[in-house]
Amino acid sequence: MNAPGQGGNANNGFNFVNNIPSIYPVFERDEDGYKVIDDVIGGYKYDYGFGTDRARGFSANINPAGAVQLDVNESLSHQISANSMLEATIAKNLKFSTTFGVQALASTSSGLTNMFYGDAAGLGRISKSNMVNFSYTWNQILSYNFAIGKHNFETFVAHENTFTQNKSQSGSMSNIASPYSVELSNGIIKDGMGSSTSEYALESYFGQAKYDYQNKYFAHLTIRQDGTSRFPNDKWGTFGSIGAAWMLSNESFLKSSSWIKQLKYKISYGILGNQSLGIYPTFDSYGINNLNDQLSINFGGKGNPNLTWEQSKNFNTGFETKITDRINFDIEYFRKITDNLLYYKQVAPSLGYASYPVNDGKLLNSGVEFQLFARVVQKANFRFDVTLNGAKYNNKILTMPKDDTTGEPKNIELKGAYAYAKDRSIYDFYMREWAGVDPTNGEANWYRYYDELANGEKIYITDMANYTNENTITNLGKEATNDYNLATKKFLDKSVVPTIAGGLNLNFEYKNWAFNTQFAYSFGGYSYDNAYATLMSDHAPGAINWHTDILQRWQKEGDVTNVPRLTANYDKYDSAASSRFVTSNSYVNITNARLSYNFAKATIERINLSGLSLWMAGDNLLMLTARKGFVPNSSESGNSSSYSYTPLSSFTMGLKVQF
């Protein structure tokens with residue numbers, strides 16, 4: 001597969017198209033406006049941004065359209081999966097089974113940056129990498145099932161071990177001989193070379209017991225112990241779960257009901273473990289370098305030998321119902337408390353590192369999930385079904401990680417546009433608050449909060465959370481300022497977490513016709529529109545593209561607008577992080593629609609077919625959001641990026657023939 005210009009670099013076509021001003025051409029033009037013939041490789045010369053007088057204001061020496069033609073970015077993968085199973089009956093109801101599965105993935109990638117144009121002109125660069133990933137899982141299970149009267153039991157004990165190995169090699173060369181070969185021997189200057197091997201293993205012992213009585217009462221118990229190579233000093237964790245269910249619809253007081261077909265209550269509690277924080281998080285890491293042809297070792301990152309398992313305590317309860325043959329409704333409440341959180345905690349950079357891995361803090365996730373199916377219409381030739389699902393999620397930090405200098409829980413920890421604080425979610429925005437544009441001069445303004453004491457003195461606040469942690473506010477006030485650095489960082493009381501999110505499916509069937517459409521929705525919550533912020537930035541003309549909203553900019557005294565003046569980057573903070581670009585991430589998306597026609601049986605039998613249908617479908621047909629072009633479901637946080645493209649709308653049609 002060849003896919004040049006798709007990475008997180010200047011040659012990324014999506015980023016380039018988003019940000020290059022439309023005044024620049026794809027191809028180089030002469031003084032009469034005609035495309036210039038390329039005498040080197042044929043065709044027309046692509047414009048790389050170097051005119052006769054000065055370089056292009058945006059990404060000089062870059063042209064993704066040319067890179068697609070001349071550069072190479074190809075990859076090839078081979079994957080093998082194999083599984084084996086052995087099962088033996090030892091005695092009545094006693095069975096032993098073992099399975100062994102292995103996976104091997106080998107991939108190679110080659111990159112060529114052409115020697116004719118762009119940032120490698122006159123040299124050319126080649127890069128190659130190889131990766132081999134190998135893993136296996138082997139388990140052994142001894143199970144015993146039996147019944148005592150109307151009491152049924154299912155039990156098993158098991159052992160499992162998993163091993164994973166990742167190997168990689170990479171190298172790069174420049175000043176190449178052939179403009180087309182992607183072999184390292186084609187270059188003469190070694191730019192880099194390296195290889196690495198990583199391994200980790202997991203060993204587990206576990207068992208389970210299930211019980212049911214007359215298909216009315218159910219119970220299960222699971223316990224397991226896992227040992228991981230990631231935590232050499234405290235590798236073992238013990239986890240388990242217990243649950244029960246009651247099939248009320250099988251009780252005598254409901255069994256004769258004509259409208260309750262099924263009613264089941266369920267409840268469970270369990271403890272799960274998480275070990276994922278890199279393969280070697282407990283060790284300090286170092287890099288090996290060349291210093292004047294002498295060995296040098298530099299510090300890479302801080303490890304923590306005291307790491308152990310993160311634990312999640314999960315409580316679930318809910319109902320499964322079936323009312324007549326037309327309505328199914330399931331609802332479930334969950335509450336998950338995660339303790340000993342595995343994450344990289346920020347520390348003072350003066351220590352020589354900015355963060356290190358820890359088990360610290362406590363997080364709560366809770367909510368309600370539901371699913372509804374309704375057969376709204378059921379006629380001889382017409383049927384209409386509706387399926388609706390949704391979830392309401394809550395996220396809250398219960399305990400903040402400790403401050404290493406005081407031993408007390410931190411008051412706040414900044415995470416880019418967000419901040420961690422007790423009783424808030426991990427995606428609560430913490431930044432300066434936009435105050436609009438000064439109509440007298442067009443300058444951007446932000447709010448500067450102050451604490452007005454009883455004597456009238458104003459104490460200006462630069463960081464609201466830290467100030468309120470140490471002081472009691474007498475009288476909180478705010479005023480606009482055109483100095484971004486004086487504006488107050490504070491919680492905006494806006495979070496990425498939506499109020500409700502889910503999907504909707506509508507299904508129509510009329511005679512031989514069928515129409516199905518699926519929607520995804522999310523309401524409530526906010527995200528940061530990075531792409532829009534870039535397109536609304538104040539910069540020199542021709543440096544970066546502008547959004548059409550820039551036409552609403554302030555231009556003369558008295559203009560009332562929310563878009564500041566343009567000053568060719570004199571006002572450097574106009575598009576800096578603030579609530580100006582925090583945007584509602586509510587959306588409705590038609591993810592799929594499909595129309596089909598099944599030919600009548602009598603018709604297809606005349607042409608000796610067993611089935612014949614015609615269909616047409618569309619994906620991602622409509623996205624309704626707060627701002628056109630903003631797609632909040634493209635990432636977990638909803639934040640937009642010009643380096644990625646939104647799911648494309650596509651249309652397909654087909655004919656299905658069955659003989």
Side-chain angles (χ1 to χ4, degrees), residues 75 77-85 98-109 129-141 157-170 194-207 222-241 270-288 297-314 338-345 353-361 363 401 636:
S75 60
S77 299
H78 300 279
Q79 183 170 356
I80 297 176
S81 298
N83 294 280
S84 61
M85 179 179 179
T98 180
T99 60
F100 183 82
V102 61
Q103 284 191 330
L105 172 65
S107 62
T108 180
S109 63
S129 65
N130 296 288
M131 291 187 295
V132 178
N133 302 323
F134 171 80
S135 65
Y136 73 80
T137 300
W138 184 24
N139 62 47
Q140 310 86 41
I141 302 174
V157 291
H159 168 262
E160 181 177 88
N161 59 293
T162 300
F163 173 78
T164 299
Q165 182 186 74
N166 301 313
K167 287 179 172 288
S168 66
Q169 295 176 324
S170 63
S195 65
S196 66
T197 299
S198 62
E199 298 176 341
Y200 65 92
L202 179 69
E203 188 162 12
S204 305
Y205 300 89
F206 52 98
T222 301
I223 189 167
R224 64 181 297 139
Q225 190 170 49
D226 297 294
T228 176
S229 64
R230 300 176 193 242
F231 311 138
N233 294 338
D234 193 4
K235 64 181 63 179
W236 290 98
T238 301
F239 315 103
S241 65
I271 300 176
L272 301 176
N274 174 41
Q275 55 166 329
S276 298
L277 194 70
I279 297 178
Y280 304 114
T282 61
F283 299 99
D284 292 349
S285 63
Y286 296 87
I288 300 173
I297 298 177
N298 67 290
F299 184 72
K302 184 66 178 173
N304 182 356
N306 298 316
L307 289 180
T308 188
W309 289 84
E310 176 183 289
Q311 289 192 350
S312 297
K313 301 170 184 177
N314 301 269
T338 306
D339 205 354
N340 282 335
L341 288 164
L342 283 170
Y343 84 108
Y344 279 85
K345 181 168 69 174
Y353 48 91
S355 62
Y356 75 104
V358 295
N359 288 105
D360 206 350
L363 184 67
E636 181 181 15

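As the structure is a prediction and not an experimental result, all values here were calculated from the model. Side-chain atoms are counted along with the backbone in the values below, which use heavy atoms only and exclude waters and symmetry mates.
The CG atom of Asn83 sits 8.0 Å away from atom CD of Gln103, with the distance rounded to the nearest 0.5 Å. A distance of 10.0 Å separates CH2 in Trp138 from OG in Ser84, rounded to the nearest 0.5 Å. In this structure, OG in Ser198 is found 4.0 Å from CG in Asn166, a value given to the nearest 0.5 Å. If you take OH on Tyr356 and OH on Tyr343, they are separated by 8.5 Å, rounding to the nearest 0.5 Å. The structure places OG of Ser229 at 8.5 Å from CD1 of Ile279, a figure rounded to the nearest 0.5 Å. To the nearest 0.5 Å, atoms CG (Asp339) and CG (Asp360) are separated by 9.0 Å.
For the pair Leu307 and Pro281, the tightest heavy-atom approach, listed with the atom from each and the gap, is CD1-CB, 3.6 Å. What you find for His159 and Tyr205 is that their closest heavy atoms are CD2-CE2, 3.2 Å. Across Asn304 and Val358, no two heavy atoms sit closer than the pair ND2-CA, 3.9 Å. Minimum interatomic distance between Asn359 and Leu342 (heavy atoms only, all atoms of both residues): ND2-CD2, 3.3 Å. The minimum heavy-atom distance linking Ser355 with Lys302 is given by the pair O-CB, 4.3 Å. Nearest approach of Leu202 to Trp309, heavy atoms of both residues: CD1-CH2, 4.0 Å.
Between the side chains of Gln140 and Thr98, not a single donor N or O lies within less than 3.5 Å of an accepting N or O.
Within the 4.5 Å cutoff, the side chain of Thr282 has heavy atoms near those of the Pro232 side chain. Contact check for Ser129 versus Met131: no side-chain heavy atoms found under the 4.5 Å cut-off. Using a 4.5 Å heavy-atom threshold, the side chains of Ser77 and Leu105 count as touching. Side-chain contact check for Leu277 versus Glu310: every heavy-atom pair is 4.5 Å or farther apart. Residues Gln225 and Glu203 have side chains not in contact (no heavy-atom distance under 4.5 Å, counting atoms from C-beta outward).
Not one N or O on the side chain of Trp236 forms a donor-acceptor pair closer than 3.5 Å with the backbone of Asp226. No donor-acceptor pair under 3.5 Å is formed between the side chain of Asn340 and the backbone N or O of Gln311. The backbone N or O of Gly278 lies less than 3.5 Å from a partner atom in the side chain of Arg230, making a donor-acceptor pair.
For Phe206, the side-chain contact (heavy atoms from CB on, under 4.5 Å) test picks out Phe156, Ala158, Glu160, Ser204, Arg224, with sequence neighbours left out.
Aromatic ring centres of Phe299 and Tyr286: separated by under 6.0 Å.
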Working note: Thr164 + Asn133, criterion side chain to side chain contact (heavy atoms under 4.5 Å, CB included); need CA distance, chi angles, decisive distance, verdict. CA-CA 7 Å; Thr164 299; Asn133 302 323; over 6 Å; no
Dump the intermediate steps for side chain to side chain contact (heavy atoms under 4.5 Å, CB included) on Leu272 and Phe239, then the final yes or no. CA-CA 6 Å; Leu272 301 176; Phe239 315 103; 5.7 Å; no
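Under the side-chain hydrogen bond (donor to acceptor under 3.5 Å, both in side chains) rule, Asn139 has a single partner from Thr162, Asn161, Thr99, which is Thr99.
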